[in-house]
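In what follows, chains carry the letters A, B, and so on, assigned in the order in which the sequence lines appear, proteins first and then strands, with residues in each chain numbered from 1.
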There are 2 protein chains.
Amino acid sequence: MLSGMTSLPHPHADQIELAHVLSALGDETRLAIIGLLAQGEQDAMTCSQFLHLGSKTGLSYHLAKLREAGLVRVRPEGTKRMISLRRADLDRRFPGFLDSIIACQAARPKPGTQA
Amino acid sequence: MLSGMTSLPHPHADQIELAHVLSALGDETRLAIIGLLAQGEQDAMTCSQFLHLGSKTGLSYHLAKLREAGLVRVRPEGTKRMISLRRADLDRRFPGFLDSIIACQAARPKPGTQA
DNA sequence: CGGTTTGTTCAACGATCATTGAACAATTGA
DNA sequence: TCAATTGTTCAATGATCGTTGAACAAACCG
């Protein structure tokens, strides 16, 4: 039923701080999450799709960090959370930044991708 | 006299890690240092030129972090240290990244700059 | 030589971090 | 209703962080 209601706290685009974004990305696990969100064909993913990166609890922690820093948007949908990259907001705030990160991250061998 | 001898350990350009760079920049003081290095007309600065950002000891700590992450090059010269941004290395490794950071940082009101 | 400048090292401190496991909450589906 | 799914919260732990002050080191200047 009713799909509105952004329940979890997200910073407004204008109050996304560069230092917060940078330190949120200064962790391999979170960087990998952003990489997956960026190159995934789907624009939203669920927490469980990142389970190969760590424990359920750990992911909850890391995703909260990414959300608080303004990197991802989390929209509850049933018992799941739809997680998406805040591309437009980040591009507007820090032009070119996200793309440069993603480009470098895309060149990475992902654990679990092909042999 | 004799000016060679890079004494302090620096990562080679190829082994600069994105996550390390990001977490090094995830601190307001260090971000400010990079901003000053980037927009300064001089290509090298001494530690004492950053004293308005913190204590002598604190700066030594932060500059070591930046050096270890591969963001700056530190060249001893007499009793001073000449600190410079590793622009070329960073651009080659993470194209567009540094510029996007600097652009955002340049738009910042620097403490101590005009009234 | 002695003193000054410039910066590093060390030990300490409180704060935050990332990880773990157990317990909980909410929705879905039979 | 009962069980499974999906994810959060909490407390605990060890590690790392950023800051401080005192002591040290090295080059320079007189």
Side-chain angles (χ1 to χ4, degrees), chain A residues 1-10 17 19-34 36-37 42 44-69 71-84, chain B residues 1-10 17 19-34 36-37 42 44-69 71-84:
Chain A
M1 45 188 57
L2 297 189
S3 61
M5 284 296 299
T6 304
S7 57
L8 309 133
H10 290 79
E17 294 241 25
H20 291 171
V21 167
L22 291 167
S23 73
L25 290 176
D27 173 279
E28 300 282 5
T29 300
R30 294 191 293 260
L31 199 48
I33 290 174
I34 296 302
L36 291 178
L37 281 171
Q42 33 199 335
M45 302 178 77
T46 66
C47 300
S48 54
Q49 293 187 269
F50 301 109
L51 272 180
H52 59 103
L53 295 176
S55 68
K56 203 173 45 160
T57 305
L59 287 175
S60 187
Y61 170 75
H62 288 303
L63 286 167
K65 287 261 167 194
L66 290 172
R67 174 177 49 77
E68 288 157 11
L71 279 157
V72 304
R73 174 91 56 194
V74 182
R75 170 177 44 97
E77 188 137 322
T79 155
K80 307 190 179 181
R81 305 280 183 270
M82 300 315 284
I83 298 150
S84 55
Chain B
M1 42 196 60
L2 296 189
S3 58
M5 285 297 300
T6 304
S7 57
L8 310 133
H10 291 79
E17 293 240 24
H20 292 171
V21 167
L22 292 168
S23 75
L25 291 175
D27 174 279
E28 301 281 6
T29 300
R30 294 191 294 257
L31 200 47
I33 291 175
I34 295 301
L36 291 177
L37 282 172
Q42 33 199 333
M45 304 179 74
T46 66
C47 300
S48 54
Q49 293 187 269
F50 301 109
L51 271 178
H52 59 104
L53 295 177
S55 68
K56 204 174 40 157
T57 304
L59 287 176
S60 188
Y61 170 76
H62 288 303
L63 286 167
K65 286 260 168 193
L66 290 172
R67 174 178 48 77
E68 289 158 8
L71 279 157
V72 305
R73 174 91 55 194
V74 182
R75 169 175 45 98
E77 189 137 320
T79 156
K80 308 192 179 181
R81 305 279 183 270
M82 301 314 283
I83 298 150
S84 55

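Contact between the side-chain N/O atoms of A:S48 and the OP1/OP2 oxygens of D:dG7 is found at a separation under 4.0 Å. Taking 4.0 angstrom as the limit, B:K65 places a side-chain polar atom (N or O) nearer than this to OP1 or OP2 of D:dC17.
Judged by distance alone, with hydrogens and angles left aside, the side-chain atoms of B:R67 form a donor-acceptor pair with the main-chain N or O of B:P9 at under 3.5 Å.
Note: B:L25 CG to B:L71 CG = 5.0 Å, rounded to the nearest 0.5 Å. In this structure, the separation between CE on A:M82 and CD on A:Q42 is 8.0 Å, given to the nearest 0.5 Å. Taking CG of A:L22 as the reference point, atom CG of B:L31 lies at 6.0 Å (rounded to 0.5 Å). A distance of 8.0 Å separates CD in B:Q49 from NZ in B:K80, rounded to the nearest 0.5 Å. Taking CG of A:L63 as the start and CG of A:L37 as the end, the distance is 8.0 Å to the nearest 0.5 Å. Here CD of B:E77 is found 12.0 Å from CD1 of B:I83. Values are rounded to the nearest 0.5 Å.
Residues meeting the side-chain hydrogen bond (donor to acceptor under 3.5 Å, both in side chains) test with A:T46, sequence neighbours left out: A:S48. B:K65 is linked by a side-chain contact (heavy atoms from CB on, under 4.5 Å) to B:R30, B:Y61, counting only residues two or more places apart in sequence or in another chain. Residues passing the side-chain contact (heavy atoms from CB on, under 4.5 Å) test with A:T29 are A:D27, A:I33, A:L53, A:H62, sequence neighbours excluded.
Here D:dG18 presents its C1' atom at 14 Å from CG of B:L63, a figure rounded to the nearest Å. Rounded to whole angstrom, the span from the CD atom of B:E77 across to the P atom of C:dT8 amounts to 15 Å. Rounding to whole angstrom units, CD of residue B:E68 and C1' of D:dC17 are separated by 13 Å. At whole-Å resolution of the value, CG in B:L53 and P in C:dG7 are 14 Å apart. Between B:R30 atom CZ and D:dT16 atom P there is a gap of 15 Å when expressed in whole angstrom units. In this entry the distance linking CG of A:D27 with C1' of D:dT16 reads 13 Å, nearest Å. Atom CG of A:L8 and atom C1' of C:dA25 are 14 Å apart (whole Å). A:M82 has its CE atom 16 Å from the P atom of C:dT27, to the nearest Å.
Only A:K56, A:T57, A:S60, listed by number, bring a heavy atom of residues 54-62 of chain A to less than 4.0 angstrom from any atom of DNA chain D.
No side-chain heavy atom of A:R81 sits under 4.5 Å from any side-chain heavy atom of A:V72.
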Could you go through nucleotides 12-14 of chain D and list every protein N or O atom that sits under 3.5 Å from one of its N or O atoms, giving the distance for each pair?
none

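Note on the helix from C:dC1-D:dG30 to C:dA30-D:dT1: angle between the axes of the first and last five pairs equals 20°, rounded to 10 degrees.
If you check C:dT28, D:dA27, C:dT8 against the side chain of B:T79, the one that comes closest is D:dA27.
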